[in-house]
Amino acid sequence: MFEPVPGEPAAVATLDGDRALVVADYHAGLEVALRYDGVELRSRAAARREAVLDLLSRTDAERVVFLGDLGNAIGAPGREERRELERLLSAVAARVPVTVVRGNHDGGVEDAADAIDAAHPIETTPSRGARFGRVGFVHGHTWPGPDVLRADVVAMGHEHPMVRLEDEVGGSRAERAWLRGRLDPEPFEAFHGSVEIDGELVVCPAFNDLLGGTWTNAGQGFLAPFLPEGMDGAQAYLLDGTRLGEYTRV
């Protein structure tokens, strides 16, 4: 129903019989923002786009779901970011339909989508997310809607989860990770009232490898308003599928 692609920060979900490639936190135009902070990096826009297209071919997906923060600017994107968004959406929608789950960095996505003549539809969900069959999607910067929470699996982004791993001589490295655990109904029912919740929550790693993230095993707090209370017994997994155990004990 929702399975990571081995070795990749992406997943494949079964949505009403269709196979969907799921990518979270693409952050088109991130290099532009980093330049303003004094970090000079050449644009990786073409490489990011080709990585998505390659995954689309490898997984035989019939649609793509961008799980929020497809763009990087909070408001209207600048020229370089807008160009990257248009080229990406044009290339993907030339092959399959596209769904963009609205995140807190997606203010210019609809305008970018409207500017291209796409062969397949490009839809944008509300910030509360959307459910397709047994899988619900929400970016995670806002509370998921009740319909999303009724799904068997709820997938979110926003956190860019990472784990810090140390070796025997004290060296350390940061790795992107998946978090998977049961949805705990209590915080969601406190927010929405009574909701039928009996599913799994999956926190997806960021697709863009230039991003920092939430160091889940280093005491860093979560960004989502419903975490960690809304996630029970979550396990951490590396991109290659290695199970690290409960994320708080890694």
Treat each ILVMFWY residue as a node, draw an edge where side-chain heavy atoms are under 4.5 Å apart, and state whether [X] and [Y] are in one component.
| X | Y | value |
| --- | --- | --- |
| Leu21 | Leu89 | yes |
| Val5 | Val23 | yes |
| Val109 | Phe207 | yes |
| Val12 | Val202 | no |
| Val65 | Leu55 | no |

First locate atom [atom1] of [X], then atom [atom2] of [Y], and finally report the distance between them rounded to the nearest 0.5 Å.
| X | Y | atom1 | atom2 | result |
| --- | --- | --- | --- | --- |
| Leu244 | Leu238 | CG | CG | 4.0 Å |
| Gln235 | Glu246 | CD | CD | 6.5 Å |
| Glu84 | Leu70 | CD | CG | 8.5 Å |
| Met162 | Arg173 | CE | CZ | 11.0 Å |
| Asp54 | Thr59 | CG | OG1 | 9.0 Å |
| His160 | Leu211 | NE2 | CG | 5.0 Å |

Would you say [X] and [Y] make side-chain contact, with heavy atoms under 4.5 Å?
| X | Y | result |
| --- | --- | --- |
| Met231 | Arg182 | no |
| Leu88 | Phe66 | yes |
| Asp25 | His139 | yes |
| Val52 | Val92 | yes |
| Val148 | Arg128 | no |
| Val96 | Leu56 | yes |
| Arg180 | Pro4 | yes |
| Tyr247 | Val203 | no |

Aromatic plane relationship, [Y] with [X] - under 30° parallel, 30 to 60° tilted, over 60° perpendicular:
| X | Y | answer |
| --- | --- | --- |
| Phe132 | Phe137 | tilted |
| Trp178 | Phe2 | perpendicular |
| Trp143 | Phe188 | perpendicular |

Are any side-chain N or O atoms of [X] and backbone N or O atoms of [Y], one a donor and one an acceptor, separated by less than 3.5 Å?
| X | Y | value |
| --- | --- | --- |
| Glu86 | Ala112 | no |
| Glu81 | Ala73 | yes |
| Tyr26 | Leu85 | no |
| Arg131 | Asp147 | yes |
| Glu159 | Leu223 | yes |
| His158 | Asp69 | no |

Can you name the nearest heavy-atom pair linking [X] to [Y], along with the distance?
| X | Y | value |
| --- | --- | --- |
| Val138 | Ser127 | CG2-O, 3.7 Å |
| Ala206 | Pro9 | O-CB, 3.6 Å |
| Ala93 | Ala118 | CB-CB, 3.7 Å |
| Asp184 | Glu229 | CB-O, 3.4 Å |
| Pro146 | Val195 | O-CG1, 4.0 Å |
| Leu67 | Cys204 | CD2-SG, 3.8 Å |

Within a reach of under 6.0 Å around CG of Asp117, are more than 12 heavy atoms found that belong to other residues, nucleotides or ligands?
no
Other residues, nucleotides, ligands: >12 heavy atoms within 6.0 Å of Arg150 CZ:
yes
For Asp111 and Arg82: C-alpha separation, side-chain torsions, deciding distance, then whether side-chain contact (heavy atoms from CB on, under 4.5 Å) applies.
CA-CA 9 Å; Asp111 288 342; Arg82 172 68 177 261; 4.0 Å; yes
His105 and His27: side-chain contact (heavy atoms from CB on, under 4.5 Å), yes or no, with the steps?
CA-CA 8 Å; His105 287 255; His27 282 265; 4.0 Å; yes
Have Arg63 and Thr99 got a donor and an acceptor in their side chains that come within less than 3.5 Å?
yes
CA sep, side-chain torsions, deciding dist, call: Asp106, Thr124, side-chain contact (heavy atoms from CB on, under 4.5 Å):
CA-CA 10 Å; Asp106 289 324; Thr124 304; over 6 Å; no
Ile116 and Ile122: side-chain contact (heavy atoms from CB on, under 4.5 Å), yes or no, with the steps?
CA-CA 10 Å; Ile116 63 177; Ile122 302 170; 3.7 Å; yes
